[in-house]
Amino acid sequence: MQLVVVESDQVDAATRQALRALWDRAFGDRFSDEDADHAYGGVHVLACAGDRLVGHASAVPRRIRFGDLPWRTVGYVEAVATDPDHQGRHVGLRTMERLHEEIRSCWPVAMLSTGRATGFYERLGWERWRGLSCTRTATGVVPDGEHGGLMILRCDPSFVTDLSVTVTCEDRPGDAW
Ligand SMILES: CC(C)(COP(=O)(O)OP(=O)(O)OC[C@H]1O[C@@H](n2cnc3c(N)ncnc32)[C@H](O)[C@@H]1OP(=O)(O)O)[C@@H](O)C(=O)NCCC(=O)NCCS
């Protein structure tokens with residue numbers, strides 16, 4: 001398996017099409033057009049087996065506020081997927097480890113939101129966010145209610161020391177987190 005690192009603006013139309021097919025196969029009907037849009041705007045790691053795309057993870061910059069600290073730009077991981085035919089063979093692990101290198105060179109921390117893969121990310125050094133989460137909308141900051149699936153990768157542990165404060169993101173089309 002080969003890992004290819006590419007910026008979003010270098011992803012050609014054929015690769016975009018292959019990526020959407022991969023996400024639809026891996027996530028099923030849980031993956032929306034907005035989810036696909038969220039994956040672009042940063043850096044991708046593509047896992048290839050021969051000429052077949054079998055895995056993906058990307059990280060994009062997002063403005064996040066931790067507690068009452070100033071808003072900061074951090075990495076946000078999106079659209080992590082391994083083709084079902086290749087799952088359980090460490091494709092996801094290796095893809096994420098390569099993405100971590102990119103994250104470390106760009107941002108002090110990264111975040112993500114996951115429904116079912118918390119254990120997968122914990123194995124990679126991610127920690128569960130313990131505080132509440134909010135979204136800053138056009139009309140103000142709105143609590144998200146129960147979330148539970150937010151995680152953080154602390155490349156620089158001094159950047160965020162308390163994982164139990166409220167964390168706020170900016171709103172966007174589709175899922176805010
Ligand atoms: C989650 C996903 C990317 C994992 O990819 P993968 O290539 O099958 O994972 P790997 O083989 O690299 O797994 C690495 C380790 O994590 C474990 N793991 C994998 N998925 C896991 C999960 N959902 N929960 C807990 N542990 C998991 C594996 O058992 C393996 O452990 P081991 O090293 O002890 O054997 C893949 O299952 C997938 O595409 N799922 C559907 C889409 C999705 O949910 N993406 C994440 C959204 S945030």
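All values below come from the heavy atoms of this structure, side chains included, with hydrogens, waters and symmetry mates left out. Keep in mind the model is a prediction, meaning the values are calculated, not measured. Numbering of ligands and ligand atoms starts at 1, following listing order.
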query: In the single-linkage hydrophobic clustering (I, L, V, M, F, W, Y; side-chain heavy atoms under 4.5 Å), do F31 and L22 co-cluster?
result: yes

query: If you group Ile, Leu, Val, Met, Phe, Trp and Tyr by side-chain heavy-atom gaps below 4.5 Å, do V80 and L3 land in one group?
result: yes

Residue [X] vicinity, atoms of ligand 1 by number, heavy atom under 4.0 Å:
X    : result
G88  : 6 (P), 8 (O), 11 (O)
A117 : 23 (N)
G119 : 25 (C), 26 (N)
T114 : 48 (S)
A81  : 39 (O)

Among T168, T166, L163, V167, side-chain contact (heavy atoms from CB on, under 4.5 Å) partner for F66: V167

R136 charged N/C atom sitting above W71 aromatic ring, 6.0 Å / 45°: yes

query: Heavy atom of M96 under 4.0 Å from ligand 1?
result: no

task: May I ask whether W23 places a heavy atom under 4.0 Å from ligand 1?
output: no

Nearest-neighbour protein heavy atom for [atom], which is reported as residue plus atom name and distance:
atom                    : value
atom 45 (N) of ligand 1 : V80 O, 2.8 Å
atom 40 (N) of ligand 1 : Q87 NE2, 3.8 Å
atom 41 (C) of ligand 1 : A26 O, 3.4 Å
atom 35 (O) of ligand 1 : H90 NE2, 3.4 Å
atom 43 (C) of ligand 1 : F27 CE2, 3.5 Å

Is there at least one protein heavy-atom neighbour under 4.0 Å from [atom]?
atom                    : answer
atom 12 (O) of ligand 1 : yes
atom 28 (C) of ligand 1 : no
atom 38 (C) of ligand 1 : yes

Does an N or O from [X], backbone or side chain, lie closer than 3.5 Å to an N or O of ligand 1?
X    : value
T82  : yes
L93  : yes
R89  : yes
S113 : no

Between [X] and ligand 1, find which residue part has any heavy-atom pair under 4.0 Å and reply side chain, backbone, both or neither.
X    : value
R116 : backbone
F31  : neither
E97  : neither
R123 : side chain
F120 : both

message: Does the plane of the ring in Y40 sit parallel, tilted or perpendicular to the ring in W23? Use 30° and 60° as the thresholds.
response: perpendicular

- prompt: Taking the six-membered ring for Trp, are W177 and Y76 parallel (under 30°), tilted (30 to 60°) or perpendicular (over 60°)?
  reply: tilted

Would you kindly say whether [X] and [Y] are connected by a side-chain donor-acceptor distance under 3.5 Å?
X    : Y    : answer
H56  : T95  : no
D144 : S133 : yes
T137 : T139 : yes

- request: Go through R20 and D33 one step at a time and tell me if the salt bridge (Lys or Arg N to Asp or Glu O under 4.0 Å) criterion holds.
  value: CA-CA 9 Å; R20 184 56 198 255; D33 290 347; 2.9 Å; yes

query: Counting N and O atoms only, with roles assigned by atom type, does the side chain of W129 sit under 3.5 Å from a partner on the main chain of L112, one being a donor and the other an acceptor?
result: no

query: Do the side chain of S105 and the main chain of E102 share a donor and acceptor less than 3.5 angstrom apart?
result: yes

- request: State whether the number of non-hydrogen atoms from other residues, nucleotides or ligands found under 6.0 Å of D12 atom CG is greater than 12.
  value: yes

